[in-house]
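Keep in mind that the numbers below use all heavy atoms, side chains included, and drop hydrogens, waters and symmetry copies.
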Amino acid sequence: MVFLKLLENIQSKTAEILDAKNCEPVKFSVESAKPGFGDITCNVPFLLSKQLKKSPQEISRELSTMYNFDDMPEIKNVESHPSGYLNFSIDYTKFNNLVISLSLEENYGALEFGNNEKIVVEHTSVNPNKALHVGHIRNIILGDVVSKILKKANYDVKILNYVDDSGLQVADIIVGFTELGFSQESPDNEKFDHYCGDTVYVKTTEKYESDKELEGKRHEILKQIEDNSSEVSKIAQTITRKVLNEQLKTVWNLGVFYDCLNFESQIIHSKLWETIFEKLKSDNQIKYEDEGDNAGCWVIPADGEDDKILVRSNGVATYIAKDIPYAAWKLGLVDDPFYYKIHSTQKNSQILYETTLDGDKKLNFSGSKVITVIDNRQIRLQKIVSGLMAKFKEEGAYTHLGYESVTLSADTVKSLGLSVDGESAQMSGRKGLYVNADTVLETLTKRVYDESKSRNENLSESELQNIANIVAVGTIRYEMIKPDLDKIITFDLKNSLRLEGDTCSYIQYSFARASRILEKTDVKPNFDSAFELLSSEYEKNLIKKIAMFDVHVNDSVNNLSPKVIAKYSYELAVTFSSFYEHVKVLASETTELLNARLCLVVSFQKTLKTSLGLLGIDAPERM
RNA sequence: GGGUUCGUAGCUCAGCAUGGAUAGAGCGAGUGCUUGCGGAGCAUUAGGCCGGGGGUUCGAAUCCCUUCGGACCCGCCA
């Protein structure tokens with residue numbers, strides 16, 4: 001810990017001073033100051049104004065004389081600002097050494113939050129009947145980054161992907177295969193998931209419009225899918241597995257990996273629902289309606305809102321009845337009915353497990369906390385689920401991490417050959433209104449490849465491919481993480497994939513520039529030296545930014561907010577770019593200064609790499 | 001009808017959790033910078049009654065109420 005520690009120390013020092021003055025405790029803040037107001041700032045004089053019946057300025061002046069920094073050599077002094085703030089200044093002659101040496105450590109920025117406690121992150125959870133589209137990418141990347149951040153905060157994270165292999169959406173493509181005679185092999189070299197989504201699903205649901213009888217068939221087919229022994233169920237198994245495998249390829253290309261796949265069909269067959277249903281009944285969490293609209297149904301009472309039907313009057317459970325046992329299973333509230341077997345070895349050579357009902361291997365993928373990443377359209381349902389879970393376990397054990405959806409810009413909709421009313425449109429699988437994830441990645445990779453090739457004539461084909469991949473994946477990830485969770489992303493094939501300004505490639509470019517500096521000198525940075533030579537504004541700004549990594553990690557963990565790390569990475573790159581422009585490292589006047597600056601460059605690179613690593617983004621040496 | 005949420009520069013967005021000092025970026029527009037480590041860059045100018053109104057407060061982009069505009073959710077579908 002670097003900056004965070006500094007803030008905490010000033011915080012407690014201030015609290016001690018207030019205590020000595022016999023002040024009533026107040027909740028004050030100690031945080032990094034805006035440029036021009038010292039390095040660290042405290043607002044406590046404002047908050048004491050009423051209590052002490054003095055002006056903030058007066059209190060500020062008084063307090064500023066009471067600090068003693070003998071045990072904090074990194075702080076130079078504190079000044080009372082005419083506005084009333086207490087502004088602390090860092091002594092960079094001491095601070096530089098501390099920051100640079102700590103930033104080289106392997107776990108720089110790591111925090112202790114989780115005590116290695118097990119936490120489950122579930123994300124992706126897409127029906128295996130189509131290819132992943134840009135909307136799914138937001139879910140996948142958010143889930144992936146959240147799990148990386150939690151790992152950084154010392155949680156033992158298990159990542160799950162729920163495979164909804166027995167819903168109506170799956171039934172729809174099976175209708176296409178069994179009733180409309182679509183080939184079970186995709187034509188030419190088309191990816192199987194694209195074929196199922198772009199052709200079979202769209203064409204089949206289209207046919208429903210004119211053929212109502214066919215539409216009726218889907219429920220029949222769904223019933224057969226859920227019956228393990230039926231022929232249709234075997235076909236469905238084969239098809240959904242094939243689609244899933246293609247979806248996984250897409251996901252792996254984005255650098256996302258899981259620990260275990262959970263199949264909905266197995267949850268249904270596991271009788272987990274029956275167990276939890278009895279538990280809900282005996283705990284009086286649900287009630288049976290004798291009269292009214294919901295007569296004959298089991299419902300979940302919801303205060304202020306309509307009761308949610310859990311079991312219909314015909315005895316069949318509703319959709320949410322699949323979510324509840326699964327949530328309970330994730331939290332380890334029920335005996336685990338599953339065995340586990342290896343599904344595959346992922347692209348990063350990590351083993352991926354899957355649930356099975358007939359095996360002998362027992363593993364544990366539950367956690368004392370669960371985070372479920374699902375978009376905000378499901379917020380009502382998720383509230384019911386987390387409300388129920390809070391009754392079995394402590395409040396907050398089950399967290400729904402929601403986010404707004406991704407829509408398509410009018411231009412992009414038109415480029416798909418479709419028409420649109422407003423400025424953007426919700427994606428729709430049925431209408432063929434979506435952009436596949438693979439398409440986005442390919443388009444972007446090609447663009448980066450061309451750009452990189454035009455800048456680097458001497459790079460080999462494989463180096464160019466590698467760079468194109470790293471930058472393309474980074475760009476998609478960055479664009480998905482950067483906006484606030486409750487902001488709709490309007491995806492535009494042109495605008496969303498820019499490479500200039502506040503983009504991933506800008507950040508990566510700063511890394512590549514740093515690499516070139518280190519590459520062009522024979523001097524090996526010697527870290528066993530004093531860094532007080534780094535005294536220009538540009539150097540101090542960079543040091544401070546590097547030091548503040550832990551503050552942002554802290555923030556992002558506390559608020560489950562991935563974008564905080566994206567913003568920090570960008571700011572770090574901006575600070576370096578300014579340094580790069582104004583401080584000519586290789587032209588340093590003395591060897592000592594050259595060495596100190598080279599060390600700073602290494603420190604920057606390490607920190608940026610770690611920060612980008614939390615976002616699942618790599619940084620190339622050249623691009 | 002009930003509920004959730006968004007509204008900040010021409011456009012896309014930070015800042016809001018925990019109210020304080022000069023509301024920040026990027027794109028787009030203007031200007032300048034490459035005989036110096038890569039111009040995917042740097043520097044600089046213009047551009048804002050933070051949707052409107054009210055309230056709380058010494059102080060509001062930030063908290064509360066209200067209103068307008070947009071998005072989403074509200075089935076014995078999944």
Between Gln426(A) and Arg377(A), a side-chain donor and acceptor under 3.5 Å: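 Distance-only check passes for Gln426(A) and Arg377(A).
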Exercise: do Asp492(A) and Ser409(A) side chains pair donor with acceptor under 3.5 Å: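 Judged by distance alone, the side chains do pair up.
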Lys453(A) and Leu459(A), any side-chain heavy atoms less than 4.5 Å apart: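 Of all side-chain heavy-atom pairs linking Lys453(A) with Leu459(A), none is under 4.5 Å.
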Minimum side-chain heavy-atom gap Asn558(A)-Phe113(A) below 4.5 Å: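 Sidechains of Phe113(A) and Asn558(A): in contact.
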Taking atom [atom1] in both [N] and [M], what distance in whole Å separates the two?
{"N": "G19(B)", "M": "A60(B)", "atom1": "P", "answer": "13 Å"}
{"N": "A29(B)", "M": "U34(B)", "atom1": "C1'", "answer": "23 Å"}
{"N": "G69(B)", "M": "C63(B)", "atom1": "C1'", "answer": "23 Å"}
{"N": "G10(B)", "M": "G20(B)", "atom1": "C1'", "answer": "31 Å"}
{"N": "A14(B)", "M": "U62(B)", "atom1": "C1'", "answer": "14 Å"}
{"N": "C16(B)", "M": "A61(B)", "atom1": "P", "answer": "14 Å"}
{"N": "G1(B)", "M": "A17(B)", "atom1": "C1'", "answer": "32 Å"}
{"N": "U12(B)", "M": "G48(B)", "atom1": "C1'", "answer": "16 Å"}

Rounded off to whole Å, could you give me the [atom1]-to-[atom2] distance for the [X] and [N] pair?
{"X": "Tyr538(A)", "N": "C37(B)", "atom1": "OH", "atom2": "P", "answer": "18 Å"}
{"X": "Lys223(A)", "N": "A78(B)", "atom1": "NZ", "atom2": "P", "answer": "12 Å"}
{"X": "Lys567(A)", "N": "G15(B)", "atom1": "NZ", "atom2": "C1'", "answer": "7 Å"}
{"X": "Asp421(A)", "N": "A71(B)", "atom1": "CG", "atom2": "C1'", "answer": "15 Å"}
{"X": "Tyr288(A)", "N": "C76(B)", "atom1": "OH", "atom2": "P", "answer": "15 Å"}

ring-ring contact (aromatic ring centres under 6.0 Å, His included), paired with His81(A), selected from Phe88(A), Phe46(A), Phe37(A):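 That would be Phe37(A).
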C77(B) pyrimidine/purine six-ring stacking with Tyr319(A), under 5.5 Å and 30°: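 Tyr319(A) ring does not meet the centre or angle cut-off for C77(B); no stack.
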Tyr509(A)-A40(B) aromatic stacking (under 5.5 Å, under 30°):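 Base of A40(B): not stacked against Tyr509(A).
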Under 4.0 Å between any heavy atoms, over every strand shown, what does [X] touch: base, sugar-phosphate, or nothing? Just pick one.
{"X": "Asp484(A)", "result": "sugar-phosphate"}
{"X": "Lys563(A)", "result": "sugar-phosphate"}
{"X": "Arg380(A)", "result": "base"}

Tyr506(A) ring center near Tyr509(A) ring center (under 6.0 Å):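 Tyr506(A) vs Tyr509(A): aromatic centres not under 6.0 Å.
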RNA chain B-proximal residues of residues 445-452 of chain A, any heavy atom under 4.0 Å: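 Correct list: Glu451(A).
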Residues Glu220(A), Lys217(A): salt bridge by 4.0 Å N-O rule: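 Judged by the 4.0 Å cut-off on N to carboxylate O distance, Glu220(A) and Lys217(A) do not form a salt bridge.
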Return the pairing partner of [N] with a 3.5 Å limit on both distances, Watson-Crick or G-U wobble; otherwise return none.
{"N": "U35(B)", "answer": "none"}
{"N": "C27(B)", "answer": "G10(B)"}
{"N": "U56(B)", "answer": "none"}

Intermediate values then yes/no, side chain to side chain contact (heavy atoms under 4.5 Å, CB included), Ile286(A) and Phe277(A): CA-CA 9 Å; Ile286(A) 57 175; Phe277(A) 187 37; 3.5 Å; yes
Lys NZ or Arg CZ of Lys322(A) over Tyr326(A) ring: under 6.0 Å, within 45°: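 The answer is no, since Lys322(A) fails at least one limit relative to Tyr326(A).
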Any Ser578(A) side-chain nitrogen or oxygen under 4.0 Å from OP1 or OP2 of A43(B):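 Checking A43(B) against Ser578(A), a side-chain N or O does come within under 4.0 Å of OP1 or OP2.
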Contact letters for nucleotides 20-32 of chain B, in which S counts primed atoms plus P, OP1 and OP2 and B counts the base, heavy atoms under 4.0 Å: BBB--SSS-----
Side chain to side chain donor-acceptor pair (under 3.5 Å) between Asp502(A) and Tyr478(A), worked out: CA-CA 10 Å; Asp502(A) 183 1; Tyr478(A) 189 71; 2.6 Å; yes
